[in-house]
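A short worksheet on the structure shown next.
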2 protein chains.
Amino acid sequence: MTGQVRTVDGRVAGRRGQATRQKLLDCLSEMLSSSPYRDVKVIDVARKAGTSPATFYQYFPDVEGAVLEIAEQMAAEGAGLTELLEGRSWVGKAGWQTAQELVDGFLEFWKRNDAILRVVDLGAAEGDKRFYKLRMKILNSVNNSLSDAVAELQSKGKVDKDVNPGAIAGSLVAMLAAVASHQKGFTAWGVKQAELKPNVALLVHLGVTGKKPTK
Amino acid sequence: MTGQVRTVDGRVAGRRGQATRQKLLDCLSEMLSSSPYRDVKVIDVARKAGTSPATFYQYFPDVEGAVLEIAEQMAAEGAGLTELLEGRSWVGKAGWQTAQELVDGFLEFWKRNDAILRVVDLGAAEGDKRFYKLRMKILNSVNNSLSDAVAELQSKGKVDKDVNPGAIAGSLVAMLAAVASHQKGFTAWGVKQAELKPNVALLVHLGVTGKKPTK
DNA sequence: TCGGTAAGCTGACGGCATGACAGGACAAGT
DNA sequence: ACTTGTCCTGTCATGCCGTCAGCTTACCGA
């Protein structure tokens with residue numbers, strides 16, 4: 001699938017080249033965590049990586065391009081989120097546990113990658129196709145699983161006919177993402193971390209099944 | 001509350017000054033709608049406003065500072081969102097209508113101000129206090145109203161004791177904001193605008209009351 | 001061992017944005 | 001007309017951007 005890694009001017013990158021390339025990505029990643037996106041400069045990233053700006057431009061067209069690269073790497077990891085839902089039940093006590101574990105796993109994933117996800121979210125909101133395709137890629141696993149779960153319950157008559165599984169799943173995923181990236185905002189609102197999770201899980205359960213969980 | 005409008009170097013702005021200041025803000029606003037936040041340059045804003053960069057720096061410390069100003073103006077307007085919930089009932093058919101109108105009004109508001117809200121969201125996610133205080137200010141009206149509604153239903157025994165009204169309200173508001181700013185993403189996911197709203201309204205209703213709406 | 005070739009890196013440069021200042025234009029009152 | 005304070009801009013030093021030519025390094029086949 002992934003062809004060879006190439007420089008901007010078309011050369012194939014060897015071992016050493018890939019190393020510096022990766023180092024630049026790592027430094028950019030750190031940079032994004034520590035300073036606002038708008039203020040991240042190529043020269044700072046290069047300095048941090050112990051190299052020169054020119055080297056940066058050899059591997060990436062610009063900062064945005066490098067961010068896309070990082071996000072791409074993360075998207076692969078994000079596919080692992082499917083495990084949170086694969087083969088899980090949404091009925092009875094098991095359903096409540098499924099919801100809880102989904103929230104837990106999702107929030108953890110988001111926290112671990114918050115810096116890049118912030119930027120991806122921004123790019124997507126700004127209407128950049130590359131970014132919202134990436135966002136889709138990251139969220140697809142969870143979204144599809146949720147959508148399937150709703151559709152299945154619907155086919156069994158446990159959920160109203162006029163519910164749109166895709167819309168519900170998408171909204172719930174959007175909620176999870178938003179809650180994850182504004183966790184600090186919640187504490188400022190007087191809601192503690194520990195209290196937040198079960199309540200979000202409750203909302204997820206309600207959304208998927210239409211019923212309160214049996215705990 | 002708002003003292004006199006002042007320039008960066010402390011002078012009070014007169015009529016003419018306020019006009020150019022406002023013009024700069026308007027142009028910045030437009031700029032934010034048409035190009036990515038990262039690429040908005042002072043010089044472009046100034047050119048668009050038919051003035052020079054130096055003038056911009058007379059009224060604002062930097063782009064961020066000007067954005068905060070715009071957001072502040074919008075926050076005032078955002079307080080009007082309270083009307084969507086003031087004195088509304090969450091019981092029976094009226095409850096369903098309340099949910100629908102809330103979703104409608106909120107999405108409309110967000111769409112109207114999406115460019116600035118995007119930036120505010122980013123700033124808040126990046127942990128900038130000024131931005132997440134502003135975000136709180138904007139969302140407070142809706143958040144508090146929702147929180148009160150849940151708390152009231154709870155006191156009547158219609159909602160479980162272990163529900164945290166603040167957490168529920170915050171999560172729902174976060175969902176609304178996220179859905180609003182990623183509406184395009186939904187259509188890319190095969191969910192149409194028209195289908196989205198009622199499903200989000202359903203989630204809101206479920207979240208607040210714990211029950212399916214009677215339509 | 002020894003070129004040859006491609007990969008890898010950087011110094012340097014024109015171009016542009018930033019942010020500061022001093023001075024000129026302008027409006028309003030006297 | 002003169003004064004005063006507001007308002008705007010030309011200009012400048014600084015620093016980042018993005019590119020290129022050219023140097024160094026690693027690999028490979030003869």
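All values derive from a computational prediction rather than experimental measurement. Throughout, protein chains are lettered first and strands after them, A, B, ... in sequence-line order, and every chain is numbered starting at 1.
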Inset, instruction - List in chain and number order the residues that pass side-chain hydrogen bond (donor to acceptor under 3.5 Å, both in side chains) with B:Q18, two or more places apart in sequence or in another chain; answer none if no residue qualifies. - result: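 By the side-chain hydrogen bond (donor to acceptor under 3.5 Å, both in side chains) rule, B:Q18 matches no residue at all.
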Inset, instruction - Quick one: which residue pairs count as a ring pair (Phe, Tyr, Trp, His ring centres under 6.0 Å) with a foot in residues 180-203 of chain B, not counting sequence neighbours? - result: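 Sorted pair list comes back empty.
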Inset, instruction - May I ask you to decide if the ring planes of A:W90 and A:H205 are parallel, tilted or perpendicular, using 30° and 60° as cut-offs? - result: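 Tilted: the ring planes of A:W90 and A:H205 meet at 30° to 60°.
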Legend entry - Contacts of A:R11 that satisfy salt bridge (Lys or Arg N to Asp or Glu O under 4.0 Å) - sequence neighbours left out: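 For A:R11, the residues satisfying salt bridge (Lys or Arg N to Asp or Glu O under 4.0 Å) (neighbours in sequence not counted) are A:D9.
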Inset, instruction - Provide the start and end nucleotides, 5' to 3', of the part of DNA chain C that has atoms under 4.0 Å from heavy atoms of chain A. - result: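 Listed 5' to 3', the contact boundaries are C:dA7 to C:dG11.
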Inset, instruction - Using chain B heavy atoms and a threshold of under 4.0 Å, write down where along DNA chain D the contacts begin and end, 5' to 3'. - result: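 Nucleotide range with atoms under 4.0 Å of chain B: D:dT6 to D:dG10.
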For [X], which contact category applies under a 4.0 Å heavy-atom criterion: base, sugar-phosphate, or nothing?
| X | answer |
| --- | --- |
| A:R11 | base |
| B:T20 | sugar-phosphate |
| B:R21 | nothing |

Inset, instruction - Go through the side-chain N and O atoms of A:Q100 and A:D104 and say whether any donor and acceptor fall under 3.5 Å apart. - result: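 No pair is found: no donor N or O on one side chain lies under 3.5 Å from an acceptor on the other.
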Could you tell me if the side chain of [Y] sits less than 4.5 Å from the side chain of [X], heavy atoms only?
| X | Y | value |
| --- | --- | --- |
| B:S181 | B:R118 | no |
| B:V204 | B:V103 | yes |
| B:L117 | B:W110 | yes |

Legend entry - Shortest non-hydrogen contact from B:S171 toward A:M175: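 Looking at all heavy atoms of both residues, the shortest contact is O-CG, 3.7 Å.
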Legend entry - Geometric cation-pi criterion, A:R38 with B:Y37: 6.0 Å, 45°: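 Verdict for B:Y37: a cation-pi partner in A:R38.
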Legend entry - Interface with DNA chain D, restricted to residues 43-68 of chain B and to heavy atoms under 4.0 Å: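 Hits under 4.0 Å, by residue number: B:T51, B:S52, B:A54, B:T55, B:Q58, B:Y59.
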